[in-house]
Chemist: 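This structure is in structure tokens; I'll ask about it shortly.
Numbers here are sequence positions counted from 1. These numbers come from a predicted model, not from an experiment. Order of listing sets the numbers, starting from 1, for every ligand and every atom in it.
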Amino acid sequence: MFDKILIANRGEIACRVMETARAMGVKTVAIYSDADRAAKHVAMADEAVHIGTGSAPADSYLLGDEIIAIAKATGAQAIHPGYGFLSENPEFVDAVEAAGLVFIGPSADAIRKMGLKDAAKALMEEAGVPVVPGYHGKNQDPEHLSGAADTIGYPVLIKAVAGGGGKGMRLVEDPKDFDEALKSAQGEATTAFGNPDVLIEKYIQQPRHIEVQVFGDGTTAVHLFERDCSLQRRHQKVIEEAPAPGMTEEMREAMGRAGVRAAEAIGYKGAGTVEFIVDGSNGLRPDGFWFMEMNTRLQVEHPVTELITGVDLVEWQLRVASGESLPQQQDELTITGHAFEARLYAEDVPKGFLPATGTLTHLQFPASCRADSGVRAGDTISPWYDPMISKVIVHGPTRAVALSRLSQALAETQVGGTVTNLAFLGALAAHDGFSAGDVDTGLIARDLDQLVQAPMVKPEHKAAAGMQALGLTNTDWDTGFTLWSDMHRSVHLSHQGEEFEAMVEVDGPDRQIWAIGEDQVVANRIGGAWVLGGDRLPPMAQAGNTITVFDGYGIQFEVIDPLDRASAAGGDMNLIEAPMPGLVKAVFAEAGQKVKEGDRLAILEAMKMEHSLLAARDGTVAEVLAAAGDQVEAGAALVRLEEAED
Ligand code: ADP
């Protein structure tokens, strides 16, 4: 076994790998970018070395040569790549090995063989693995491709052979749209991957995404059963589970065998995932699944497999990379119970899943779940990387029990300081179709409106925030609460920009009567615990003027200081501000220009996405305060409109 390994990654996966390494007595070296100086993975590692010249991945976590030099300098014998970044980069694997180090993962050759979708499909076909019917040949002549689409039969999917993350992919339902879709897929593929080549595939109706976890020693491989990742939003996984609902023994055998065949065909070493698309329109059938691609690394959703098999996949990775044989044979592997994983993100779901940044003023997970997280309370979600806060992972003896544990764990997760997708995840966990195991990749899009509802803010929540704001949650005599305290007090609060006044009549240390608009809420302390309108006072956290009430997945209130109000009023409509830190990609305004409400005045690139910034009203541009290429902070003014004449 290695004495010391370097983890060429950050965030939750770096922490995840370190946990197992520590349990195995293996020392760890972390690397960190500027933005990650104080990150959790840095604190967890035995040693940490700063890398690069900036926070962007290209200036830090993607600097392969520098990573190898750090491994050498610190005496690490092996490099664990995590996922993303350099994990599927064969040149990096070659360089690691040339430096006399071990890459904890497959060979460069195996990665190359699965790197392009067309070559991988051809190889899998040869190995007897079912592939989606389609054309994956070399001829890229548009006429030839559209002819292939006709032969396959519509609807078809055009996919960039170098694709990933859903880029360069187009669904074509009607032959007349083929040429245009082809052009746009090729354009996107060229920009994203520098390779315009595409393949054409039959579009599977009501598809399910079921993948097989495989593990190889370079010659033979075993599988650790399947995961169902059909709950996707725009081809991104949201909730994953294992095993797949409705899976039959017969189909599991067939899929497992296909996964093992795929891994053995390329001499696979380490943890990998073979992704299949499954026709779910008529139940699961052993002849109804087809190879899509193989991910030659550990996956984000690996914990659900760990919980049903009892295997620590990172431990297996370290053992096999250090030369041990496979820790278990196929007949020793079994499934116990059911597991779910939900991906908790800092994002504003009602605003179109807008990624958010911010400092996590409060972060707490219930003991009943496994929370794999790369952040702690007090850490920031920076604009440089993926805004994942944690993975919330649960296990239960049956799917129904595991799902109700997921619902409960999500309801009890407390995040303060940023918006999150908790309510969305909670709504998904409660979705009838999902509960029934009736999943397909279109479920989220079909029921989006129902899943994206803003949380219900009740008068009790407002009263709770008022209690927190006025320091009335702990009214014991010995904490200074006295009969001489003001009996009537009030506070101004706001929720999502909507302001209200909460007034209270304090009727002794154990009773308060709150009036919020027309609503009245009576708070009574019974047996030491506050009860508001029949429910226990929810937990709360306060950071500065922000109070989060942990009910309904976290409801945030702002305490309004009456003195601040005058200066803040009115300014907003005149300024177009950066909603988060980022890079100004383009500015479409010039001084003197007339604009209409909703006109796009600038584009901000942040959190790997582009955001249009719009005029809040009709007016005239007074001043342009930023230029394309500027890096700006949250709240930075980009464009100012002339004062409105009214
Ligand atoms: P990428 O590598 O860009 O993520 P994939 O080939 O893995 O692309 O496909 C991403 C997702 O697109 C799948 O999980 C599935 O939801 C959908 N998809 C892919 N191929 C098909 C197909 N032939 N028919 C229907 N849906 C598909």
Side-chain angles (χ1 to χ4, degrees), residues 83-84 87-89 111 113-125 129-136 145 148-149 151-173 178 181 184-212 226-241 244 255 259 262 272-282 288-297 299-301 343 386 439-446 448 608:
Y83 50 70
S87 61
E88 293 180 280
N89 182 321
I111 297 176
K113 285 191 167 126
M114 288 296 180
L116 292 179
K117 290 185 201 285
D118 54 346
K121 272 183 89 173
L123 189 70
M124 290 299 103
E125 217 169 12
V129 176
V131 302
V132 187
Y135 175 76
H136 46 264
L145 292 173
T151 314
I152 297 161
Y154 282 82
V156 298
L157 205 56
I158 303 175
K159 275 190 191 177
V161 302
K167 283 218 170 81
M169 203 153 89
R170 293 289 182 282
L171 167 63
V172 194
E173 296 181 278
F178 186 86
S184 100
Q186 287 170 327
E188 196 170 292
T190 308
T191 316
F193 315 111
N195 179 349
D197 288 1
V198 298
L199 56 81
I200 316 290
E201 235 171 52
K202 174 103 198 128
Y203 182 73
I204 310 295
Q205 310 271 4
Q206 259 202 53
R208 283 175 65 174
H209 173 122
I210 302 182
E211 56 187 35
V212 174
E226 78 281 0
R227 293 185 287 260
D228 194 311
C229 311
S230 299
L231 286 199
Q232 302 183 350
R233 186 183 157 267
R234 299 198 175 157
H235 304 306
Q236 303 291 326
K237 297 166 184 171
V238 179
I239 292 182
E240 302 99 343
E241 62 180 305
M255 291 191 80
T273 297
V274 185
E275 295 190 333
F276 294 100
I277 187 138
V278 172
D279 178 357
S281 55
N282 273 315
F289 70 92
W290 301 276
F291 171 85
M292 270 196 304
E293 66 173 348
M294 178 167 183
N295 292 320
T296 51
R297 54 171 160 83
Q299 305 241 129
V300 176
E301 60 273 26
R343 300 187 185 194
D386 160 290
V439 293
D440 71 273
T441 59
L443 182 146
I444 290 181
R446 270 195 309 275
L448 197 63
K608 302 191 212 153

Chemist: By salt bridge (charged side-chain N to carboxylate O under 4.0 Å, His left out), which residues pair with R170, not counting sequence neighbours?
Modeler: E188
Chemist: List every atom of ligand 1 that sits less than 4.0 Å from any heavy atom of G164, numbering the atoms from 1 in the order shown and giving each element.
Modeler: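 Those of ligand 1 that fall under 4.0 Å from G164 are 1 (P), 2 (O), 3 (O).
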Chemist: Among all the protein's non-hydrogen atoms, which is closest to atom 21 (C) of ligand 1, and how far away is it?
Modeler: L157 CD2, 3.2 Å
Chemist: Between K121 (side chain) and F291 (backbone), is there a donor-acceptor pair under 3.5 Å?
Modeler: no
Chemist: Using every non-hydrogen atom in the two residues, find where I204 and V278 come nearest and quote the distance to one decimal.
Modeler: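 Looks like CG2-O, 4.2 Å.
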Chemist: Return the residue, atom name and 0.1 Å-rounded distance of the protein heavy atom closest to atom 18 (N) of ligand 1.
Modeler: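 The closest heavy atom on the protein side is I277 CD1, 3.7 Å.
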Chemist: Going from CE on M292 to CD1 on I210, what distance comes out if it is rounded to the nearest 0.5 angstrom?
Modeler: 10.0 Å
Chemist: Among protein heavy atoms, which lies nearest atom 24 (N) of ligand 1, and at what distance?
Modeler: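 Residue, atom and distance for the closest contact: I204 N, 2.9 Å.
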Chemist: Nearest protein heavy-atom contact for atom 6 (O) of ligand 1: which residue, which atom, what distance?
Modeler: K159 NZ, 2.9 Å
Chemist: Salt bridge check, E88 against R297: does any charged N sit closer than 4.0 Å to a carboxylate O?
Modeler: yes
Chemist: Do Y203 and ligand 1 have an N or O pair less than 3.5 Å apart?
Modeler: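 Such a contact does not occur with ligand 1.
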Chemist: Considering heavy atoms of the protein only, find what lies nearest to atom 16 (O) of ligand 1 and give residue, atom and distance to 0.1 Å.
Modeler: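 Looking only at protein heavy atoms, the one closest to atom 16 (O) of ligand 1 is Q232 OE1, 3.0 Å.
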Chemist: Is it the case that the side chain of T190 and the backbone of N195 share a donor-acceptor pair, with hydrogens and angles ignored and the cut-off at 3.5 Å?
Modeler: no
Chemist: What residue and atom, counting heavy atoms only, is the protein's closest point to atom 10 (C) of ligand 1, and at what distance?
Modeler: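 Checked against all protein heavy atoms, atom 10 (C) of ligand 1 sits closest to M169 CE, 3.9 Å.
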Chemist: How close does the nearest protein non-hydrogen atom get to atom 3 (O) of ligand 1, and which residue and atom is it?
Modeler: G166 N, 2.6 Å
Chemist: Less than 4.0 angstrom from a charged side-chain N to a carboxylate O is my criterion; do K117 and E201 meet it?
Modeler: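 No, this pair does not count.
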Chemist: Looking only at heavy atoms of K117, does any of them come nearer than 4.0 Å to an atom of ligand 1?
Modeler: yes
Chemist: Walk me through whether E211 and K237 qualify under salt bridge (Lys or Arg N to Asp or Glu O under 4.0 Å).
Modeler: CA-CA 12 Å; E211 56 187 35; K237 297 166 184 171; 3.0 Å; yes
Chemist: Specify the protein heavy atom at minimum distance from atom 14 (O) of ligand 1: its residue, its atom name, and the distance to 0.1 Å.
Modeler: H209 ND1, 2.9 Å
Chemist: Given E275, H235, Q206, K237, which one has a non-hydrogen atom that is nearest to atom 12 (O) of ligand 1?
Modeler: H235
Chemist: Relative to the heavy atoms of E293, which atoms of ligand 1 are at a distance of less than 4.0 Å?
Modeler: 2 (O), 7 (O)
Chemist: Closest approach of A181 and V172, non-hydrogen atoms and distance?
Modeler: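 Minimum heavy-atom contact is CB-CG2, 3.6 Å.
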